[in-house]
Asker: 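After the structure tokens below, expect a handful of questions from me.
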Amino acid sequence: MEGEIVNFIKFWLTVCISLCYCHRVGKLLPPGSGRLSAVAPVVALFLSLPLLLTSIHLGGPTCFFVAWLANFKLLLFAPDPPLPLRRFLAVACLPIKIHDSKNGNHSQEKSSPNRRETLNPQPKSFLNYAIKALLVALMVKLYDFSDSIHPKILLLIYSWHVYFFLEIILAVAQFLGRHLLGIELEPQFNDPYFSTSLQDFWGRRWNLTATNILQPTVYRPTVRLASRVVGRRWAPLPAVMATFMVSAMMHELIFYYLGRMMPNWEITWFFLIHGFALTVEIMVKKILPEKLRLPAVVSGPATVAFIFSTAIWLFFPQFVRLKIDEKAFEEYAALVSFVKNGAFSLVG
């Protein structure tokens with residue numbers, strides 16, 4: 001574990017130095033292909049850096065922040081003027097919104113480290129996160145009886161565990177960002193279990209940072225290209241499929257970082273199925289008048305059931321196949337042992 005912590009420090013030092021270089025490039029080179037060429041080696045470096053880390057709890061969020069988030073933001077940074085250095089470093093790696101003191105409101109750093117757009121979800125209360133932390137602790141305890149739990153039920157527990165864990169990680173980052181850097185982090189989730197449709201789930205409730213990154217980098221450019229072929233009305237359909245395909249590839253990459261095994265492409269099939277289902281949903285909404293659509297009381301449970309059933313079928317089995325769950329439990333045990341040993345040494 002000590003070696004992992006050393007690698008973790010080296011990792012983030014390298015990231016900070018690389019981003020300082022990118023910021024300097026932004027000062028010296030005008031927006032365009034020249035700046036893009038100058039930051040391209042950093043993008044390649046950020047794709048290889050996660051191989052330094054092997055732990056789940058340090059490596060997982062770090063892979064998402066750097067290999068996916070920072071890289072896509074650097075690609076968006078090529079045509080934009082840079083922010084001040086401290087803000088640039090924070091925005092490049094984290095899903096953040098920055099308080100705009102000129103107009104007294106909050107703005108969201110939604111895509112590039114230099115773009116601001118309106119934020120929609122509101123931060124949750126401390127009690128909300130405390131309850132979720134308690135639920136995570138109970139789930140970890142449940143894993144002691146995993147031999148007696150049906151595998152499908154166990155995968156369902158994994159799904160809630162991952163969701164709650166991600167929310168807590170982002171809440172901690174939000175707290176540190178607000179109090180140490182004077183910035184606020186964008187809420188990562190917006191109560192996805194209240195989704196009334198796939199469009200609502202993927203566009204407004206689940207993993208908002210990934211959504212906000214994929215929109216300007218994949219979705220909107222594809223809409224512009226597809227508009228020339230199929231027209232503006234139907235251009236969102238191929239754009240949705242292209243966006244889900246890119247998301248699938250990034251998820252396959254992150255799972256490779258965590259498990260170091262070649263993909264079996266079930267993750268890709270998960271996203272392709274959801275991309276196709278969302279495309280059909282959008283098509284139906286364009287054709288049917290609103291009064292003929294399913295009411296939210298029906299579409300909501302149907303949406304959540306579809307998401308959970310496909311996730312348990314294709315997505316969460318990867319945690320077992322790659323032994324990510326076993327590694328996570330070992331890390332929990334190591335942390336508990338470390339805390340106990342530290343407490344005993346203090347008492348002694």
Side-chain angles (χ1 to χ4, degrees), residues 4 7-8 11-12 14-16 18-19 42-77 89-97 108-113 121 136 158-159 161-177 183 185-190 192 202 205-218 243-261 263 267-268 270-271 311 315-316 318-319 322 324-325 327-328 331:
E4 181 76 357
N7 286 338
F8 183 75
F11 181 103
W12 280 105
T14 304
V15 169
C16 289
S18 301
L19 290 176
V42 176
V43 173
L45 175 64
F46 284 1
L47 287 173
S48 61
L49 268 180
L51 295 174
L52 284 174
L53 302 175
T54 57
S55 66
I56 303 304
H57 295 88
L58 292 180
T62 300
C63 293
F64 172 63
F65 286 170
V66 176
W68 186 342
L69 197 59
N71 267 346
F72 276 65
K73 288 188 176 184
L74 285 178
L75 294 176
L76 289 169
F77 160 69
L89 291 175
V91 174
C93 291
L94 301 172
I96 74 170
K97 59 173 184 172
Q108 176 187 9
E109 301 296 343
K110 193 171 178 182
S111 50
S112 157
V136 168
Y158 285 158
S159 66
H161 184 177
V162 170
Y163 165 58
F164 289 149
F165 174 74
L166 289 175
E167 267 214 309
I168 292 166
I169 286 286
L170 268 294
V172 171
Q174 185 178 32
F175 176 84
L176 294 175
I183 59 176
L185 296 185
E186 173 193 75
Q188 181 78 345
F189 300 94
N190 185 20
W202 289 110
R205 293 185 180 276
W206 179 263
N207 204 345
L208 299 178
T209 299
T211 298
N212 293 332
I213 284 295
L214 290 169
Q215 280 182 355
T217 54
V218 182
T243 303
F244 273 81
M245 188 63 198
V246 172
S247 181
M249 292 299 99
M250 295 310 300
H251 278 84
E252 294 281 17
L253 180 63
I254 289 174
F255 271 94
Y256 174 77
Y257 291 143
L258 295 178
R260 304 296 162 84
M261 290 175 62
I267 293 290
T268 297
F270 171 82
F271 281 97
F315 192 90
F316 288 104
Q318 305 310 307
F319 286 80
L322 302 175
I324 293 174
D325 55 337
K327 294 178 184 177
E331 290 172 19

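It should be emphasised that the depicted structure is a prediction, and the values quoted were computed from it without experimental measurement.
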Asker: So, the side chain of E331 versus the backbone of H57: is there a donor-acceptor pair under 3.5 Å, distance only?
Answerer: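 It does hold such a pair.
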Asker: Considering non-hydrogen atoms only, spot the tightest contact between N71 and A67 and give its length.
Answerer: ND2-O, 3.2 Å
Asker: For E252, what residues pass the side chain to side chain donor-acceptor pair (under 3.5 Å) criterion, not counting sequence neighbours?
Answerer: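 Scan of E252 (side chain to side chain donor-acceptor pair (under 3.5 Å), adjacent residues dropped) gives T268.
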Asker: Can you name the residues that form a side-chain contact (heavy atoms from CB on, under 4.5 Å) with L53, not counting sequence neighbours?
Answerer: E4, N7, F8, F11, T62
Asker: Within this structure, what is the CD1-CG distance for the pair I56 and L258, rounded to the nearest 0.5 Å?
Answerer: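 Rounded to the nearest 0.5 Å, the CD1-CG separation comes out at 5.0 Å.
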Asker: Go through it in stages, so that I can follow the logic: the residues are L51 and Y256, the test is side chain to side chain contact (heavy atoms under 4.5 Å, CB included), and I'd like the CA-CA distance, side-chain angles, deciding distance and then a yes or no.
Answerer: CA-CA 9 Å; L51 295 174; Y256 174 77; 4.1 Å; yes
Asker: Applying ring pair (Phe, Tyr, Trp, His ring centres under 6.0 Å), can you list everything that pairs with Y158, at least two apart in sequence or on another chain?
Answerer: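 Checked Y158 against ring pair (Phe, Tyr, Trp, His ring centres under 6.0 Å); matches are Y143.
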Asker: Passes side chain to side chain contact (heavy atoms under 4.5 Å, CB included), T14 versus L52? Steps please.
Answerer: CA-CA 11 Å; T14 304; L52 284 174; 5.8 Å; no
Asker: Not counting sequence neighbours, which residues clear side chain to side chain donor-acceptor pair (under 3.5 Å) with T211? List them please.
Answerer: none
Asker: Got a second to check how far N207's CG is from N212's CG, nearest 0.5 Å?
Answerer: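 One gets 9.5 Å once the value is rounded to the nearest 0.5 Å.
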Asker: Could you give me the CA-CA distance, side-chain angles and deciding distance for C63 and V66, then say whether side chain to side chain contact (heavy atoms under 4.5 Å, CB included) is met?
Answerer: CA-CA 5 Å; C63 293; V66 176; over 6 Å; no
Asker: Donor-acceptor check, side chain of R260 to backbone of Y257, threshold 3.5 angstrom: yes or no?
Answerer: yes
Asker: Report the residues that fulfil side-chain contact (heavy atoms from CB on, under 4.5 Å) with L322, sequence neighbours left out, ordered by chain and then residue number.
Answerer: F255, M261, I324
Asker: If I compare all heavy atoms of C93 with all of L19, which pair ends up nearest, and what's the gap?
Answerer: SG-CD1, 3.4 Å
Asker: Taking ring pair (Phe, Tyr, Trp, His ring centres under 6.0 Å) as the test, write out the residues that go with F164, two or more places apart.
Answerer: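 So F164 forms a ring pair (Phe, Tyr, Trp, His ring centres under 6.0 Å) with W160.
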Asker: Of the non-hydrogen atoms in P216 and L76, which two are nearest, and what is the gap between them?
Answerer: CG-CD1, 3.8 Å
Asker: Determine the minimum heavy-atom distance between F72 and T217, stating which atoms define it.
Answerer: CD2-OG1, 3.4 Å
Asker: Name all residues meeting the side-chain contact (heavy atoms from CB on, under 4.5 Å) criterion together with V162; count only those two or more places apart in sequence or in a different chain, and write none if there are none.
Answerer: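 Applying side-chain contact (heavy atoms from CB on, under 4.5 Å) to V162 gives L166, F316, F319.
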Asker: Decide yes or no for L74 and F46: does some side-chain heavy atom of the first lie under 4.5 Å from some side-chain heavy atom of the second?
Answerer: yes
Asker: Run the side chain to side chain contact (heavy atoms under 4.5 Å, CB included) test on I267 and F315 for me, step by step, so that the C-alpha distance in whole Å, both residues' side-chain angles and the decisive distance to 0.1 Å come before the verdict.
Answerer: CA-CA 6 Å; I267 293 290; F315 192 90; 3.5 Å; yes
Asker: Residues two or more places apart in sequence or in another chain: which of them pass side-chain contact (heavy atoms from CB on, under 4.5 Å) with S247?
Answerer: W68, L214, H251, F271
